[in-house]
2 protein chains.
Amino acid sequence: MKRPTIYDVAQRAGVSKSLVSLVLRGSPRVSEEKREAVLAAVAELDYTPSRLAAGLAGTRTRSIGVVVDDFANLWFAPALEGLRAAVAAGGYSLSVADTALNAHLSQDPIAVFRSLRVDGVVLAGEISAEAARQLAVPAVVLGTRAIEAARVPVIASDETAGGRLATAHLAELGHRRIACISGPGPSASAREAGYLAELAARGLGASLVRAEQTTEAAGAAAADAMLAELASAPGAEAPTAVFAVNDPLAVGAIGALRGQGFEVPRDVSVVGYDDSPIASYRLVSLTSVSGDVRELGEAAGADLVAMLEGEGEFPPSRRLAPRLVVRRSTAAPRAHRRSPGAGPV
Amino acid sequence: MKRPTIYDVAQRAGVSKSLVSLVLRGSPRVSEEKREAVLAAVAELDYTPSRLAAGLAGTRTRSIGVVVDDFANLWFAPALEGLRAAVAAGGYSLSVADTALNAHLSQDPIAVFRSLRVDGVVLAGEISAEAARQLAVPAVVLGTRAIEAARVPVIASDETAGGRLATAHLAELGHRRIACISGPGPSASAREAGYLAELAARGLGASLVRAEQTTEAAGAAAADAMLAELASAPGAEAPTAVFAVNDPLAVGAIGALRGQGFEVPRDVSVVGYDDSPIASYRLVSLTSVSGDVRELGEAAGADLVAMLEGEGEFPPSRRLAPRLVVRRSTAAPRAHRRSPGAGPV
DNA sequence: TTGTAAGCGTTATCAC
DNA sequence: GTGATAACGCTTACAA
């Protein structure tokens with residue numbers, strides 16, 4: 001008992017296979033009569049066209065591949081939803097792969113997509129510049145500024161602006177000693193650059209620690225290290241605010257600070273980045289920078305579809321402005337509250 | 001400038017296309033000489049075989065589809081990794097889709113996989129029973145017991161056992177009034193059933209609240225509701241321990257309890273479920289039941305490959321035993337610590 | 001409007 | 001070992 005083919009449908013409906021193909025692809029030049037006959041046959045036979053054959057025969061597969069850097073980065077979930085919404089308009093379907101997913105067996109996701117003949121790909125997350133080159137199909141990069149140079153539009157959140165936003169918020173509250181817990185990777189660098197720029201613009205001094213990874217544990221370790229260094233320095237003063245370049249780092253820092261007797265935000269204010277689910281948890285209530293990831297996904301999807309449908313030129317890179325979600329992890333510094341003009345003790 | 005085909009490779013290597021196909025599929029009956037010639041031509045031409053054509057012509061596509069209920073469920077990341085490892089052994093590659101991803105436009109992921117002619121599918125998460133039926137290809141269900149009846153093996157964590165484990169842990173610590181915050185869905189039900197079974201086995205009374213969703217906010221609301229109800233009841237006593245059927249619910253409950261002046265674990269112990277990343281955060285340090293999801297994924301992948309390669313019979317359903325990860329959210333009850341035999345005040 | 005026929009790039013079945 | 005030559009199920013001119 002084999003699967004029904006377009007041929008079976010044609011026979012049952014009493015038409016030719018071409019007609020079936022036309023009906024299925026919604027051609028307007030078919031009689032209502034035949035259309036119904038075809039649709040009926042399709043339903044009766046439970047026919048599902050083979051995308052393999054369609055892709056082989058046609059000029060496109062109407063599928064687009066999405067490469068996600070890591071499925072554990074919850075970041076991409078809303079991005080994917082925005083993408084889907086955007087490409088669905090063009091009749092495309094998404095195929096998702098994660099970089100780590102096939103890394104071991106040299107099962108490079110890009111290679112898989114190539115052999116699948118996807119019409120285009122979306123590089124989501126911190127993709128290596130190398131991956132983007134030698135990419136025979138139209139592509140857009142979503143959410144990082146790593147590969148500015150390649151011939152692909154980059155749809156990213158302006159992470160440097162986000163870093164400035166977070167830092168400015170703390171400065172506006174009255175903080176003068178604002179530390180930063182950064183980490184590895186281009187996103188972290190961009191956010192960190194924003195922190196430095198904003199401090200410079202305000203004439204404040206910087207205090208930077210780089211965590212080994214961008215995890216909660218690394219954030220805790222970085223905060224501990226920062227505190228330890230302060231303790232051993234002669235006249236050093238502890239920061240009254242910390243900007244962590246992502247939420248896990250921030251949560252780790254809060255845990256470490258609390259472990260050392262500092263209450264948040266009473267003694268130290270903390271700002272995170274990404275506005276991940278944990279940030280809104282009551283237990284945490286973390287002020288965080290939000291990249292509006294879903295919209296980023298939508299924009300990327302729309303741009304890719306435009307490249308696929310349109311002739312020639314490709315859309316310009318875009319850098320969307322992030323916004324700050326203020327919660328209960330930030331407040332004015334104590335000294336500031338007691339007597340606005342007073343210097344630190 | 002078109003893509004190179006197997007024909008181009010054959011011509012360049014001075015052999016027939018059949019030979020090229022044999023070499024690429026690792027046939028042992030080809031001379032070393034020709035093999036090298038073919039491989040060289042492949043490299044020079046940067047040839048990538050078309051999976052579309054291969055799937056069309058061959059008897060299988062060597063691809064398997066994974067349907068995830070929701071990408072935002074961090075749960076599936078390790079499961080996917082286990083899956084990948086297991087199916088890679090058989091030379092299969094994974095294609096992932098999320099139920100919500102295409103739900104809107106009747107872009108049912110199962111339909112997409114059908115048209116892609118995947119060799120098999122993995123249903124991960126809480127899949128509807130309906131989805132599993134009418135599934136023309138071999139399938140396994142990963143991580144839920146929802147569709148016991150269908151003709152697919154179910155590889156799941158024994159969630160009822162997990163519920164018992166959590167409850168037993170609290171009882172062993174000396175707790176007598178153990179409440180449960182449950183939620184919607186089959187997983188929650190199974191965990192809840194374990195809670196009830198363990199209490200019954202120990203002759204303890206149950207106190208159950210069902211949250212509207214399985215989110216942190218819902219958990220907080222449920223805990224608040226529970227406390228409010230207790231306050232209005234005449235001689236009711238507050239529970240000294242709470243088992244929440246997943247981690248977000250548990251974190252929400254902790255937040256709510258703290259808001260009402262209860263410290264965890266001093267006044268109330270809390271156990272969660274899933275051992276998600278947040279559970280290990282210092283700020284939370286939540287005792288939680290772990291399903292060893294990666295291993296679950298491996299088992300499911302191995303079973304599916306066995307079904308695909310093997311002839312006939314399919315592997316039995318399996319229910320893997322979960323384990324408890326004890327952290328700092330659980331401790332002996334206060335009264336118990338002061339005087340072991342004393343009743344509650 | 002509908003039918004005919006020629007591919008699309010592989011695998012599979014034979015011969016050689 | 002190696003090479004022809006049919007499928008595979010569809011799209012797409014081109015005819016009718």
Side-chain angles (χ1 to χ4, degrees), chain A residues 1-39 41-42 45-63 91 112-119 136, chain B residues 1-39 41-42 45-63 91 93 112 114-119 136:
Chain A
M1 168 125 172
K2 300 172 47 51
R3 289 180 181 291
T5 72
I6 196 173
Y7 202 94
D8 302 317
V9 175
Q11 187 174 321
R12 175 145 197 154
V15 300
S16 74
K17 337 166 203 194
S18 328
L19 219 300
V20 176
S21 181
L22 286 179
V23 169
L24 260 29
R25 276 155 355 74
S27 166
R29 14 216 318 88
V30 289
S31 65
E32 195 54 36
E33 188 187 6
K34 304 275 185 180
R35 151 170 284 120
E36 283 171 12
V38 168
L39 260 22
V42 165
L45 262 30
D46 188 25
Y47 167 70
T48 308
S50 164
R51 286 200 169 211
L52 301 178
L56 226 204
T59 56
R60 63 227 268 128
T61 56
R62 288 221 172 264
S63 68
V112 172
F113 285 149
R114 277 221 308 177
S115 70
L116 248 21
R117 301 297 189 254
V118 297
D119 294 338
Chain B
M1 166 117 174
K2 300 173 47 51
R3 291 180 178 291
T5 73
I6 195 174
Y7 201 96
D8 301 318
V9 175
Q11 186 174 322
R12 175 147 198 153
V15 300
S16 74
K17 338 166 205 193
S18 318
L19 219 315
V20 176
S21 181
L22 287 178
V23 169
L24 260 28
R25 258 120 49 51
S27 166
R29 21 221 306 97
V30 290
S31 66
E32 195 53 38
E33 187 187 6
K34 304 276 186 180
R35 150 170 285 118
E36 282 172 12
V38 168
L39 261 22
V42 165
L45 261 31
D46 188 25
Y47 166 71
T48 307
S50 164
R51 284 200 171 211
L52 300 180
L56 225 203
T59 56
R60 63 226 270 128
T61 55
R62 288 224 171 262
S63 68
S93 75
V112 172
R114 277 222 307 178
S115 69
L116 248 21
R117 302 295 188 257
V118 297
D119 294 338

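Numbers restart at 1 for each chain; the letters A, B, ... are given by sequence-line order, proteins then strands.
Residue contacts shown for B:Lys34 are limited to sugar-phosphate atoms, with no base heavy atom under 4.0 Å away.
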field: Test side chain to side chain contact (heavy atoms under 4.5 Å, CB included) applied to A:Leu116 and A:Thr61, step by step
entry: CA-CA 9 Å; A:Leu116 248 21; A:Thr61 56; over 6 Å; no
Verdict with reasoning, B:Val23 to B:Leu39, per side chain to side chain contact (heavy atoms under 4.5 Å, CB included): CA-CA 8 Å; B:Val23 169; B:Leu39 261 22; 3.6 Å; yes
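Protein atom CZ of A:Arg117 is 8 Å distant from nucleotide atom P of C:dG9, rounded to whole Å. The distance from atom CZ of A:Arg3 to atom P of D:dA7 is 21 Å, rounded to the nearest whole Å. As rounded to whole Å, 20 Å separates atom C1' of D:dC10 from atom CZ of B:Arg51. Rounded to a whole Å, the CZ atom of A:Arg35 is 14 Å from the C1' atom of C:dT2. Rounded to an integer number of Å, the gap from CG of B:Leu22 to C1' of D:dA4 is 13 Å. Taking atom CG of B:Leu116 as the reference point, atom P of D:dC10 lies 13 Å away to the nearest angstrom. Summarising the geometry, the separation between CG on B:Leu24 and C1' on C:dT10 is reported as 11 Å, rounded to the nearest angstrom. Atom P of nucleotide C:dT4 and atom NZ of A:Lys17 are separated by 9 Å, given to the nearest angstrom.
Candidate nucleotides D:dT12, C:dG9, D:dT11 were compared by shortest atom distance to the side chain of A:Ile6, and D:dT11 ranks first. Proximity note for A:Leu56 (side chain, C-beta onward) versus C:dT11, C:dC8, D:dC10: the nearest is C:dC8. When distances are taken from the side chain of A:Thr5 to each of D:dG9, C:dT2, C:dT10, the shortest belongs to D:dG9. Listed nucleotides: C:dT1, D:dC10, C:dT11. Nearest to the side chain of A:Arg29: C:dT1. Comparing atom distances between the A:Leu19 side chain and each of C:dT1, C:dG3, C:dT11 picks out C:dG3 as nearest. For B:Lys2, the listed nucleotide lying nearest its side chain is C:dG9; candidates were D:dC10, C:dT10, C:dG9. In this structure, of C:dG3, D:dT2, C:dT10, it is C:dG3 that holds the atom nearest to the side chain of A:Ser16.
When the side-chain nitrogen and oxygen atoms of B:Ser21 are compared with OP1 and OP2 of C:dT11, one or more of them lie within a distance under 4.0 Å. Dashed line: the shortest gap from a side-chain N or O of B:Tyr7 to OP1 or OP2 of D:dG3 is not under 4.0 Å. Remark: A:Arg25 is in phosphate contact with D:dT11, judged by side-chain N or O atoms under 4.0 Å from OP1 or OP2.
Of all non-hydrogen atoms in B:Lys34 and B:Val15, the two that sit nearest each other are CD-CG1, 3.7 Å. Closest heavy-atom contact between B:Arg51 and B:Ser63: NH1-CB, 4.1 Å.
One cannot find a donor-acceptor pair under 3.5 Å joining the base of C:dT2 and the side-chain atoms of A:Ser31. With hydrogens and angles left out, the side chain of B:Ser18 and the base of D:dA4 share a donor-acceptor pair within 3.5 Å.
A donor-acceptor contact closer than 3.5 angstrom is absent between the side chains of A:Ser50 and A:Arg3.
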